[in-house]
Amino acid sequence: MRVIPAADIADVLTFPELIETLRSAFRQGVVTPVRHHHSIQFPDQAEATLLLMPSWNDFDQQGHSERGYVGVKIVTVFPDNASRAKAAVAGVYLLFSGKSGEPLAVIDGSALTVWRTAAASALAASYLARPDAKRLLMVGAGALAPYLIEAHAAVRPIEEVLIWNRRPEKAERLAERLRPRRYRPHFTEDLEGAVRGADIVSCATLSNHPIVKGEWLKPGAHLDLVGGFRPEMRETDDDAIRRARVFVDTREGAMKEAGDIAQPLESGVLTADDITADLFELTRGEKAGRRFYDQITLFKSVGTALEDLAAAILVFSRA
């Protein structure tokens, strides 16, 4: 059994290749049972989360597989880790042979997650963001932010990146880290102004309350919501839902787990039929993405084990 650390993942992955790997995976599909989602209560800190995300592929009707894999990601989310100078999300990915069930690799789950999450958002943007999108706003400056910026820049001609964070010094540090790049990175404290000028707004926060207001989105903008993964979490408001054509990575996951979708569904602002498509339908050409230049599009990602399995197989084959 091989152990593949984060450094090895960075050595073998590129966003163009990973995005295309995810595009193929959504077109083909794999078995993805509903993930296990457990809350962990502590008396002296914020509620933590344990996620178990299994998936497998390439089995015939007799249960045989010559090249299939079985995988499971085990993830913890500790929101208070920022005060400890630690990442909020940590985990490992276990990859098994689909033929024998033998363990093949233990892969750094945190690194795999940021790569595949960013690639999924970029995959959605390849259908939903305007082809001439040049200005990207990154809301949040955590571990996922630089990956989202690079992934979006892999599918659109990004020239300028603004970074906003509740703690401006953290946004400033990230902007400095990203120099030099083919795009110009800057930090900003003017969230409203940055949203109003952005072609793509990507959000990766742990907020329980809307940060980006729908009224700020300009015609033709694409809103990428990544951070909220529980029903009580929100990164945008109902106005954004009303103004946008809404897309999700998976219908079941987004409707059940994502507050940016589940709360508008519960209040009646959004109906299930208002969700235009998921990534399965987009990649298979069953539903159209952006239909006209001035349309506002919204993509909500909660993650799916399909993405982890596809990324893990790619890493295992390269590392």
Side-chain angles (χ1 to χ4, degrees), residues 10 13-23 113-165 168 170-205 211-212 216-227 235-236 240 244-245 247 249 279 282-283 289-290 292-301 307 311:
L13 286 186
T14 66
F15 275 115
E17 184 177 25
L18 181 56
I19 291 164
E20 292 310 310
T21 296
L22 293 189
R23 197 187 310 274
T113 298
V114 292
W115 275 92
R116 66 80 155 155
T117 302
S121 281
L123 174 61
S126 73
Y127 297 96
L128 305 178
R130 283 196 333 232
D132 63 348
K134 296 179 181 180
R135 302 186 69 187
L136 169 68
L137 170 63
M138 184 68 240
V139 179
L144 185 54
Y147 293 88
L148 282 163
I149 292 169
E150 285 294 310
H152 281 296
V155 297
R156 288 296 182 263
I158 302 299
E159 295 179 357
E160 182 179 3
V161 174
L162 288 178
I163 304 165
W164 180 91
N165 194 70
K170 193 171 181 180
E172 185 176 14
R173 286 197 300 268
L174 178 56
E176 288 296 327
R177 269 180 52 200
L178 294 175
R179 296 190 179 99
R181 289 292 197 277
R182 60 194 179 279
Y183 48 79
R184 300 184 302 275
H186 304 280
F187 82 100
T188 182
E189 296 184 52
D190 180 8
L191 178 59
E192 178 180 347
V195 172
R196 290 187 182 279
D199 300 315
I200 299 174
V201 179
S202 184
C203 300
T205 73
I211 299 173
V212 173
W216 298 344
L217 296 168
K218 72 177 185 178
H222 172 58
L223 179 58
D224 173 43
L225 302 176
V226 182
E235 292 187 300
T236 195
R245 196 168 190 225
F247 300 82
D249 52 359
L279 283 178
L282 284 174
T283 57
R290 172 174 292 274
F292 51 88
Y293 186 81
D294 288 341
Q295 187 171 58
I296 295 173
T297 54
L298 182 154
F299 173 69
K300 177 56 199 157
S301 169
E307 298 163 1

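Atom CD1 in Ile200 sits 11.5 Å away from atom CD1 in Ile149 (nearest 0.5 Å). Within the model, atoms OG of Ser301 and CG of Leu225 stand 9.5 Å from one another, a figure rounded to the nearest 0.5 Å. The distance from atom CD of Glu189 to atom CG of Leu162, rounded to the nearest 0.5 Å, is 12.5 Å.
Counting only N and O atoms by type, the side chains of Tyr293 and Arg130 include a donor and acceptor under 3.5 Å apart. At a cut-off of 3.5 Å, with distance as the only test, no side-chain donor of Arg116 or Tyr147 sits close to an acceptor on the other residue.
The pair Glu150-Arg181 meets the salt-bridge criterion, with a side-chain N (NZ, NE, NH1 or NH2) lying under 4.0 Å from an Asp/Glu carboxylate O. Salt bridge annotation for Arg173-Glu176: absent, with no cationic side-chain nitrogen under 4.0 angstrom from a carboxylate oxygen. Classification of Asp199 and Lys134 as a salt-bridged pair fails, no side-chain N sitting under 4.0 Å from a carboxylate O.
Residue pairs meeting the salt bridge (charged side-chain N to carboxylate O under 4.0 Å, His left out) criterion with at least one member in residues 135-149, sequence neighbours excluded: Arg135-Glu160.
Shown here is Lys218, whose NZ atom has more than 12 heavy atoms of other residues, nucleotides or ligands within 6.0 Å.
Between the side chain of Asn165 and the backbone N or O of Ala141, at least one donor-acceptor pair lies under 3.5 Å. Put simply, the side chain of Ser121 never gets that close to the backbone of Ala118: no donor and acceptor are under 3.5 Å apart. A donor-acceptor pair under 3.5 Å links the side-chain atoms of Arg156 to the main chain of Ala125, judged by distance alone. Side-chain N or O atoms of Arg182 include none that pairs as donor or acceptor with a backbone N or O of Pro157 at under 3.5 Å. Counting only distance, with no hydrogens or angles, the side chain of Arg290 and the backbone of Gln295 share a donor-acceptor pair below 3.5 Å.
Aromatic ring centroids of Trp164 and Phe187 lie 6.0 Å or more apart.
Of the candidates Thr205, Val139, Leu148, Val226 forms a side-chain contact (heavy atoms from CB on, under 4.5 Å) with just one, namely Leu148. A side-chain contact (heavy atoms from CB on, under 4.5 Å) with Leu137 holds for exactly one of Ile163, Leu191, Val161; it is Leu191.
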